Amino acid sequence: MFQYIFFLFSVIIFLILVRESIIDIKTMYVPDNITYSLYSVTFIFLILSLIINRSFNLIIKGFLGFLFGFGIPFTISLSSYLFYKFTKQKNKQNAINFENHQIDNINQSNNFQNSKTSFFKKIEFFIYITTLGLLLSIAIINNNDFIITLLLICAITLELIIAKIFKKFYKIEEDENDEEKEIFDTGIGGGDILIFGALGLMFGLIGIITIFIYATISQLFVILIYKIFSKKSLTDHLPFVPGITIGLYIYILTIFC
């Protein structure tokens with residue numbers, strides 16, 4: 001019984017990340033509402049696990065998973081930030097050149113938004129069709145198990161309800177202080193760190209370590225797609241959420257199929 005509930009919530013998390021992948025591809029940004037929805041679903045799952053199993057075991061594992069999922073990416077980004085600050089203080093001229101380079105990257109990104117191919121203009125269609133195929137593959141691998149198929153339908157329905165609850169689910173919030181923010185390179189973006197934290201809370205320490213490995217490998221595929229279909233170079237900032245989403249799907253396959 002509980003295994004089915006775990007599967008249901010795993011698919012919901014996957015579908016939320018599919019939506020965020022589209023946003024991240026177009027804007028390189030993770031909206032707050034995506035984060036709220038991820039953690040809301042995760043907390044509901046942990047509460048249900050406590051009620052059904054009458055044990056804090058999954059909550060403890062989730063806490064450890066959160067520490068790793070949030071802590072490791074945060075450490076990577078913090079190290080990158082400290083290195084940037086050290087470099088700026090050590091050599092102001094290098095920092096000026098660095099900032100100019102970032103401005104050039106932003107201009108290139110804007111040009112990319114204006115000149116991207118039809119593939120990226122219709123990215124929603126391709127991603128949603130691919131997602132449907134991936135979910136159907138789970139049902140097929142499980143020999144068209146009626147319960148699995150029903151759970152997949154329920155997951156899609158519940159994800160749509162969540163999207164309705166968070167009315168700005170697919171919109172980008174405007175940040176009035178955005179112009180005041182300092183631009184610098186980081187290994188992993190802030191939104192990605194929060195996503196990894198939510199995944200750690202949901203899947204525990206072993207789960208998030210596995211997903212992190214799968215996501216890193218999957219990101220190579222994302223980089224290849226960008227190289228083929230866009231004008232961005234491999235040194236530009238690229239969205240990480242698509243790689244995380246693929247990594248989560250592979251993890252779901254290894255657990256439930």
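From a predicted model like this one, the values you see are computed outputs, not experimental measurements.
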Note: Val30 and Glu20 closest approach over all heavy atoms is CG2-OE2, 3.3 Å
Geometric class of the Tyr251/Phe203 ring pair [parallel <30°, tilted 30-60°, perpendicular >60°]:
perpendicular
CG/Leu238 to CD1/Ile225 distance, rounded to the nearest 0.5 angstrom?
12.0 Å
Counting the benzene-type ring for Trp, do Tyr214 and Tyr249 have ring centres under 6.0 Å apart?
no
Leu152 versus Val11, closest heavy-atom pair with distance:
CD2-CG2, 4.0 Å
Quick one: are Asn142 and Phe256 in side-chain contact, heavy atoms under 4.5 Å?
no
Check the hydrophobic clustering (I, L, V, M, F, W, Y; side-chain heavy atoms under 4.5 Å; chains of links allowed) and say if Ile223 and Ile246 are grouped together.
yes
Would Phe9 and Ile5 satisfy side chain to side chain contact (heavy atoms under 4.5 Å, CB included), going step by step from the backbone distance to the final call?
CA-CA 6 Å; Phe9 277 84; Ile5 294 177; 3.8 Å; yes
CZ (Phe63) with more than 12 external heavy atoms under 6.0 Å
no
Heavy atoms only: give me the nearest Cys257-Ile138 pair and the separation to one decimal.
SG-CG2, 4.0 Å
Specify the closest pair of heavy atoms between Ile25 and Pro242, including all atoms of both residues, with the distance to one decimal.
CG1-CG, 3.8 Å
What do the steps show when you test Ile72 against Ile208 for side chain to side chain contact (heavy atoms under 4.5 Å, CB included), and what is the final call?
CA-CA 11 Å; Ile72 298 302; Ile208 188 58; over 6 Å; no
Quick check for you: to the nearest 0.5 Å, what is the distance between Arg19 atom CZ and Asn33 atom CG?
12.0 Å
Search all heavy atoms of Asp24 against all heavy atoms of Phe240 and return the closest pair with its distance.
OD2-N, 3.3 Å
Which distance, rounded to the nearest 0.5 Å, do you find between the CG of Leu135 and the CD1 of Ile153?
10.5 Å
Return the orientation label for the Tyr39 and Phe66 ring planes: parallel under 30°, perpendicular over 60°, tilted otherwise.
perpendicular
Closest non-hydrogen atoms of Glu159 and Ile12, given as atom of the first, atom of the second and distance, are CG-O, 4.4 Å
Under 4.5 Å between any side-chain heavy atoms of Leu17 and Leu38, yes or no?
yes
ILVMFWY network linking Leu48 to Ile161, side-chain heavy atoms under 4.5 angstrom
yes
Interatomic distance, Ile129 atom CD1 to Leu134 atom CG [nearest 0.5 angstrom]:
11.5 Å
Do the side chains of Ile140 and Ile255 join up, straight or via other hydrophobic residues, at under 4.5 Å, putting them in one cluster?
no
When hydrophobic residues are tied together by side-chain contacts of less than 4.5 Å, even through go-betweens, does Ile47 share a cluster with Leu50?
no
Centroid-centroid under 6.0 Å between Phe45 and Phe2 rings:
yes
To the nearest 0.5 Å, tell me how far Ser10 OG sits from Leu248 CG.
7.0 Å
Would Leu201 and Phe43 count as a side chain to side chain contact (heavy atoms under 4.5 Å, CB included) here? Give the steps.
CA-CA 8 Å; Leu201 200 59; Phe43 285 138; 3.5 Å; yes
Atom pair CD1/CD1 of Ile244 and Ile211 - distance to nearest 0.5 Å:
10.0 Å
Is the side chain of Gln219 donor-acceptor paired with the backbone N or O of Pro239 at a distance under 3.5 Å, no angle test?
yes
Under the 3.5 angstrom rule, does the side chain of Asp145 hit a backbone N or O of Ile147 as a donor-acceptor pair?
yes
Shared hydrophobic cluster for Ile250 and Leu224 (ILVMFWY, side-chain gaps under 4.5 Å)
yes
